*Asks:* 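My questions all concern the structure below.
This one's a predicted model, so the numbers in the text were calculated from it and none came from an experiment. The first residue of the sequence shown is numbered 1, and numbering continues consecutively from there.
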Amino acid sequence: MTRNECNRILLERLSFVLQMDSLCTGDSLQELMQLGIGQEEAMAAVLLSRMGLDPEENLGKEIYRGYLPKMLKQGSPEEVEKDPFVQAVGNLEFRQGNKRLAMDMLEPYQLFIRNDFEIDGQGRVLPQLGFYDRPIRFPVLLENERSWMSAEPNEIATLRPLAEKAHGKVVMLGLGLGYYAFHALLSKKVRSVTVVERDQEIISLFEKVLLPHFPRKEAVSIVKADAFPFVRNELPKLGADTVLVDLWKHAGDGMELYSRMKQMEFSGPEWQYWIEKTIKYYLEEKE
C-alpha cells in the first residue's frame, strides 16, 4: 500500500470517529493501561479499534506505530481554562434571534482536532488530535442551537500563535468571536486592529456583548464589508502591517477562499492564514 493510500484511509476513517462522543470511559482506559502502556498509547489503541483497524495487520500496524504516536496527545485543561479570552468572556450569556452565546463542552476522552496538520519526513499526513480526561468548557456561538463558531481548543492552538506574531496595524478578515483580536490587543507590538466582517448580526453581538470585555477596546474598529472587494479596493490604502485571513469554518470550505485570497496578496503586510497547512495539504491532493 502506498503512502498516499495510507493517508487517504486514515483521513476517511478519522472523519467518522471525530463525530463520536467519548471514545471510551476512564475505567476502560485504565484496564488497557494495566497492560503496561501509558494513557496516550491506550487511547491510541482505542482509536485504532474505532477506525476498524487491526494492529496485527500491515495497515493497522503502520497507523498504530507510524502515525498515531505523532498525532495523539492528552491535552492540559489549563490550556483552555486559563486562556485570557476564555476567562474574560466564558461566563457571558446572550440570545438574539436564532443565535445564542453560551458554553460548549468536550466530554472526557472525546477526540478533537487540536492543531493544524503536520507532515513527517516520510510523507505521513498527521492530523493533530487531542483528548482530555475530564470535561472542558469553552465559549460557543450557537445558531439554531448548533455550533456556528467557538473558542474550542483547536481555535486556541491555531489562532493564538498567529495573534502573538501580529504587529503594527492589524487587519482581520473575518471576525468570529474575536479570539484573534483579543490576543493581538494583549501585545504591545500591536497598535490597532481593524476587523472586516460582512455579517451585521455578528458585528452587533460582538460590539454589544464581547467587545466591552476586551483589552484596549478603543484600538478596535469594525468595517462591514465583504473581504474580497475590501482587499482589492481598500486594504492597499491602510498601510497594514499584519493581515489575518480567517474566512472559513474548516479546510473543506476554505480551499477555494484560500486560493482566491492568495492570488490577491500584495507585498508589504505579513499575511497570515488560519489552518494554512491543512488547507494546502488538501489542495495538493486535488492536483
*Asks:* Please, which pairs that meet ring-ring contact (aromatic ring centres under 6.0 Å, His included) have at least one residue in residues 132-178, sequence neighbours excluded?
*Replies:* F112-Y132
*Asks:* Considering residues at least two apart in sequence or located in another chain, which fulfil the ring-ring contact (aromatic ring centres under 6.0 Å, His included) criterion with Y282?
*Replies:* F117
*Asks:* Quick one: do E164 and R160 make a salt bridge, cutoff under 4.0 Å?
*Replies:* yes
*Asks:* So, does N7 use its side chain to make a donor-acceptor pair with the main chain of V125 at under 3.5 Å?
*Replies:* yes
*Asks:* Any side-chain heavy atom of D104 sitting closer than 4.5 Å to one from S150?
*Replies:* no
*Asks:* For F230 and L238, work out which heavy atoms get closest and say how close.
*Replies:* CZ-CD1, 3.6 Å
*Asks:* Can you name the nearest heavy-atom pair linking A163 to A184, along with the distance?
*Replies:* CB-N, 3.8 Å
*Asks:* Atom CE in M264, atom CZ in R232: separation rounded to 0.5 Å?
*Replies:* 5.0 Å
*Asks:* Hydrophobic clusters here meaning ILVMFWY residues chained together by side-chain heavy-atom distances under 4.5 Å, can you tell me if L53 and F16 are in one?
*Replies:* no
*Asks:* Please determine if R114 and E79 form a salt bridge, counting it only when a charged side-chain N lies under 4.0 Å from a carboxylate O.
*Replies:* no
*Asks:* Would L141 and F94 show up in the same hydrophobic cluster when neighbours are defined by side-chain heavy atoms closer than 4.5 Å?
*Replies:* yes
*Asks:* Does anything in residues 84-95 pair up under side-chain hydrogen bond (donor to acceptor under 3.5 Å, both in side chains), and if so which pairs, sequence neighbours excluded?
*Replies:* none
*Asks:* To the nearest 0.5 Å, how far apart are CH2 in W274 and CG in L244?
*Replies:* 10.5 Å
*Asks:* So which heavy atom on E107 is nearest to which on S22, and how close?
*Replies:* CB-OG, 3.2 Å
*Asks:* K70: what forms a salt bridge (Lys or Arg N to Asp or Glu O under 4.0 Å) with it, not counting sequence neighbours?
*Replies:* D120
*Asks:* Which atom names give the shortest non-hydrogen contact between G130 and L72, and what distance separates them?
*Replies:* N-CD1, 4.5 Å
*Asks:* Just by distance, do the side chain of W248 and the backbone of E256 share a donor-acceptor pair under 3.5 Å?
*Replies:* no
*Asks:* Determine yes or no for a side-chain-to-main-chain donor-acceptor pair under 3.5 angstrom, with D241 supplying the side chain and K169 the backbone.
*Replies:* yes
*Asks:* Of all heavy-atom pairs between V193 and V190, which one has the smallest distance, and what is that distance?
*Replies:* CG2-CG1, 4.0 Å
*Asks:* Return the minimal non-hydrogen interatomic distance between E197 and I203, and the atom names on each side.
*Replies:* O-CD1, 3.4 Å
*Asks:* Under 3.5 Å, which donor-acceptor pairs do the side chains of residues 205-214 form with other protein atoms, sequence neighbours left out?
*Replies:*
none

*Asks:* Give the C-alpha distance, both sets of side-chain angles, the deciding distance and a yes or no for side-chain contact (heavy atoms from CB on, under 4.5 Å) between Q128 and K73.
*Replies:* CA-CA 8 Å; Q128 298 297 288; K73 180 181 178 182; over 6 Å; no
*Asks:* By side chain to side chain contact (heavy atoms under 4.5 Å, CB included), which residues pair with S267, not counting sequence neighbours?
*Replies:* none
*Asks:* Could you name each residue pair satisfying salt bridge (Lys or Arg N to Asp or Glu O under 4.0 Å) that touches residues 33-58, not counting sequence neighbours?
*Replies:* E41-R65
*Asks:* Does a sphere of radius 6.0 Å around CG in N58 hold more than 12 heavy atoms from other residues, nucleotides or ligands, not counting ones at 6.0 Å or beyond?
*Replies:* no
*Asks:* For K165, check side chain to side chain contact (heavy atoms under 4.5 Å, CB included) against everything at least two apart and list the hits.
*Replies:* Q272
*Asks:* Can you get from M105 to L92 by hopping between Ile, Leu, Val, Met, Phe, Trp and Tyr side chains that sit under 4.5 Å apart?
*Replies:* no
*Asks:* Counting distance only, does the side-chain N/O of D253 pair as donor-acceptor with the main-chain N or O of H250 below 3.5 Å?
*Replies:* yes
*Asks:* Pair Y179, D246 - check side-chain contact (heavy atoms from CB on, under 4.5 Å), show working.
*Replies:* CA-CA 11 Å; Y179 180 87; D246 182 9; over 6 Å; no
*Asks:* Could you tell me whether R8 and E285 make a salt bridge, using a distance below 4.0 angstrom between a side-chain N and a carboxylate O?
*Replies:* no
*Asks:* Does the side chain of E234 come within less than 4.5 Å of V171's, by heavy atoms?
*Replies:* no
*Asks:* Rounded to the nearest 0.5 Å, what separates atom OH in Y64 from atom CG in L47?
*Replies:* 10.5 Å
*Asks:* Tell me every residue that passes ring-ring contact (aromatic ring centres under 6.0 Å, His included) with Y67, counting only those two or more places apart in sequence or in another chain.
*Replies:* none
*Asks:* Do I113 and T278 have side chains that get closer than 4.5 Å, going by heavy atoms?
*Replies:* no
*Asks:* Quick check against the 3.5 Å criterion: does E265 have a side-chain atom that pairs as donor or acceptor with the backbone of M261?
*Replies:* no
*Asks:* With rounding to the nearest 0.5 Å, note down the distance linking CD in E143 to CG in N98.
*Replies:* 5.0 Å
*Asks:* Around atom NZ of K277, are there more than 12 heavy atoms from other residues, nucleotides or ligands closer than 6.0 Å?
*Replies:* yes
*Asks:* Quick check on the hydrophobic clustering: are L129 and M20 connected, directly or via other members, by side-chain heavy-atom contacts under 4.5 Å?
*Replies:* yes
*Asks:* Is I279 reachable from I119 through a run of hydrophobic residues whose side-chain heavy atoms are each under 4.5 Å from the next?
*Replies:* yes
*Asks:* Is there a side-chain contact between F228 and L173 (heavy atoms, below 4.5 Å)?
*Replies:* no
*Asks:* Report the relative orientation of the aromatic rings in Y273 and W271; use parallel for angles under 30°, tilted for 30 to 60°, perpendicular for over 60°.
*Replies:* parallel
*Asks:* Can you find a pair of side-chain heavy atoms, one from E155 and one from L177, that are under 4.5 Å apart?
*Replies:* no
*Asks:* Between CZ of F131 and CG of L29, what distance do you get to the nearest 0.5 Å?
*Replies:* 6.5 Å
*Asks:* Using a 4.5 Å cut-off on heavy atoms from C-beta on, say whether the side chain of L106 contacts that of V80.
*Replies:* no
*Asks:* Test E62 against R124 for side-chain contact (heavy atoms from CB on, under 4.5 Å), laying out the working first.
*Replies:* CA-CA 10 Å; E62 164 62 6; R124 297 184 181 94; 2.8 Å; yes
*Asks:* With sequence neighbours left out, write down each residue that passes salt bridge (Lys or Arg N to Asp or Glu O under 4.0 Å) with E201, or none if nothing qualifies.
*Replies:* K99
*Asks:* Which residues satisfy the salt bridge (Lys or Arg N to Asp or Glu O under 4.0 Å) test with D133, sequence neighbours excluded?
*Replies:* none
*Asks:* Got a sec, which residues hit ring-ring contact (aromatic ring centres under 6.0 Å, His included) with Y180, two or more places apart in sequence or on another chain?
*Replies:* none
*Asks:* Test side-chain contact (heavy atoms from CB on, under 4.5 Å) on I156 and V86; report intermediate values, then the result.
*Replies:* CA-CA 10 Å; I156 290 172; V86 174; 4.2 Å; yes
*Asks:* Quick check for you: to the nearest 0.5 Å, what is the distance between Q19 atom CD and L14 atom CG?
*Replies:* 11.0 Å
*Asks:* Measure the shortest side-chain to side-chain distance between L10 and M71 over non-hydrogen atoms and say whether it is less than 4.5 angstrom.
*Replies:* yes
*Asks:* Checking the side chain of H183 only, and the main-chain atoms of L186 only, is there a donor and an acceptor separated by less than 3.5 Å?
*Replies:* no
*Asks:* Find out whether P108 and P135 are in side-chain contact, i.e. whether some heavy atom of one side chain is under 4.5 Å from a heavy atom of the other.
*Replies:* yes
